[in-house]
Amino acid sequence: MACSRNQLSALEERSEVEKDIMGNLLHGVDVKVGDVWLIKAGLIHALGAGCTVIEVQEPTDFTIQPERWCGDYHISYNEEYIGLTKDKALDAINYDIYGEDAVSYAKVNPIVTVDTPTYKKEELITYADTPCFAETRHVLKKGGKFTLDYAPSVWICLEGNATIKGEGYEKKIKRGDYFYLPFVAENKFFVETDTTATIIECLPSKQD
C-alpha cells in the first residue's frame, strides 16, 4: 500500500510495541533461483525468510532502518537513522513508488552477451545502471571456459564446481567458494569445468 512520510513516521513509533507492523507496508514477491533485483536509493525493501542472496552494494554502509525491531533484536535510534535526525533520514525515502510499480522498477532482466553451447555470459547490473558497482553471471557447461578479464574483482561460485587455471597455477572451486582477482592477475587466468558451474563476477565502483 502507499505510505506517506507522516504515516511512516507514526508507524515507526508504533513498532516499539507492535514488532511486526512494518511488514504490513511491504508488497510480497515470490522470488526464484536466478532472479536479479536492483534496489535503488530510497526504495524501502526487506529480505524475507528463506532467501539466500548475493548482495552487492555501494562501498558504504548507509542503511536507514525505520523500525524498532529486527526479529528479536532491538534496533537503537542511532542504528535506525545512521546518526541523522529522524526528519533528515525520512527525507531519503522514495514515497512515490510502491506495490507492483516497485516490483517492476527493481526487477532486472539480464542481458546475454555471449551464448554458446558451453558458455553463457549475462550482464546483470551494469555501470549504465549505477556507477557504484556491476555484476555479471557466467554459466558453464562441460568443456566451457572463460578468461578472468576484469580486475580488481570478486568472484563467487554460485553453483557446481570448476577449476581456476593459469601459468603454473591450478585451484578447484565449488559452490560457496569465492576469490579476489587483483589487478596484476587480470587476463592471466581462466575458469573451466568438466561438469557445470555458475560463477558471479562482482565489479568495483567507478565513482571518482
Side-chain angles (χ1 to χ4, degrees), residues 26-65 82 92-116 118-141 144-160 162 164 173-183 185-187 189-191 193 196-208:
L26 302 178
H27 180 87
V29 177
D30 292 326
V31 298
K32 63 181 185 300
V33 173
D35 279 354
V36 183
W37 305 86
L38 177 59
I39 308 300
K40 297 180 181 179
L43 185 63
I44 291 180
H45 61 284
L47 292 176
C51 293
T52 300
V53 304
I54 294 173
E55 184 176 21
V56 182
Q57 64 182 49
E58 74 281 6
T60 66
D61 193 23
F62 297 154
T63 301
I64 294 169
Q65 304 176 81
I82 57 174
I93 293 172
N94 185 342
Y95 298 96
D96 296 327
I97 186 165
Y98 54 89
E100 288 294 341
D101 288 340
V103 175
S104 298
Y105 178 70
K107 185 74 170 68
V108 172
N109 295 310
I111 300 169
V112 178
T113 57
V114 179
D115 194 2
T116 73
T118 59
Y119 173 55
K120 178 188 285 189
K121 180 179 180 180
E122 301 169 283
E123 293 183 352
L124 305 181
I125 298 170
T126 72
Y127 290 123
D129 298 314
T130 172
C132 297
F133 51 84
E135 190 172 8
T136 303
R137 179 163 56 203
H138 303 265
V139 180
L140 297 168
K141 295 183 180 178
K145 72 176 184 178
F146 67 93
T147 300
L148 302 174
D149 61 0
Y150 194 112
S153 51
V154 173
W155 303 73
I156 304 161
C157 184
L158 187 63
E159 292 289 350
I164 307 168
I173 56 173
K174 63 183 184 307
R175 178 181 180 179
D177 288 343
Y178 59 93
F179 61 94
Y180 172 72
L181 186 75
F183 179 74
E186 185 177 88
N187 282 312
F189 296 84
F190 63 90
V191 175
T193 185
T196 60
T198 300
I199 313 291
I200 300 295
E201 174 186 8
C202 306
L203 306 179
S205 171
K206 278 205 168 182
Q207 299 173 95
D208 294 332

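Counting begins at 1 with the first residue of the sequence.
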_Residues which pass ring pair (Phe, Tyr, Trp, His ring centres under 6.0 Å) with Phe133, listed by chain and number, not counting sequence neighbours_ = none
Return all side-chain donor-acceptor pairs below 3.5 angstrom for residues 32-41, not counting sequence neighbours, or 'none' if the list is empty.
| residue | atom | partner | partner atom | Å |
| --- | --- | --- | --- | --- |
| Lys32 | NZ | Asp35 | OD1 | 3.1 |
| Asp35 | OD2 | Lys32 | N | 3.0 |

*Please list, chain by chain and in numerical order, all residues satisfying salt bridge (charged side-chain N to carboxylate O under 4.0 Å, His left out) with Lys206, sequence neighbours excluded.*
none
*Looking only at heavy atoms, which two atoms of Arg175 and Leu158 are closest? And how far apart?*
CG-O, 3.3 Å
_With rounding to the nearest 0.5 angstrom, report the NZ to CD distance, Lys121 to Glu201._
6.5 Å
_Heavy atoms from other residues, nucleotides or ligands near NZ of Lys107 exceed 12 (cutoff 6.0 Å)_ = yes
*Given side chains that start at C-beta, do those of Ile125 and Val56 come closer than 4.5 Å, heavy atoms only?*
no
_Within this structure, what is the CZ-CZ distance for the pair Phe189 and Phe179, rounded to the nearest 0.5 Å?_
10.0 Å
*Taking the side chain as every heavy atom from C-beta outward, state whether Lys120 and Val112 have any pair of such atoms under 4.5 Å apart.*
yes
*Can you see which heavy atom on Ala151 is nearest to which on Leu181, and at what distance?*
CB-O, 3.4 Å
_Inter-residue atom distance Leu26.CG - Ile44.CD1, 0.5 Å rounding_ = 7.5 Å
*State, without any angle test, whether His27 and Tyr98 hold a side-chain donor-acceptor pair at a distance under 3.5 Å.*
no
*asked:* Minimum heavy-atom separation for Pro204 and Pro152, please, with both atom names.
replied: CD-O, 3.2 Å
*According to the interplanar angle, ranging from 0 to 90°, do the rings of Tyr127 and Tyr150 count as parallel (below 30°), tilted (30 to 60°) or perpendicular (above 60°)?*
tilted
*Please report the shortest heavy-atom distance between Thr136 and Glu122, naming the atom on each side.*
CG2-O, 3.2 Å
*In Å, rounded to the nearest 0.5 Å, how long is the span from NZ of Lys141 to OG1 of Thr198?*
10.0 Å
_Tyr180 atom OH, neighbour heavy-atom count above 12 within 6.0 Å_ = yes
*side-chain contact (heavy atoms from CB on, under 4.5 Å), paired with Ile199, selected from Thr193, Ile173, Leu148, Val139*: Ile173
*Calculate, to the nearest 0.5 Å, the distance between atoms OH and CG belonging to Tyr105 and Asp96 respectively.*
10.5 Å
_Non-hydrogen atoms of Leu124 and Val108 that approach each other most closely_ = O-CG1, 3.0 Å
*asked:* To the nearest 0.5 Å, what is the distance between CD1 on Ile200 and NE2 on His138?
replied: 8.0 Å
*Does any N or O in the side chain of Thr126 come within less than 3.5 Å of the main-chain N or O of Ala128, such that one atom is a donor and the other an acceptor?*
yes
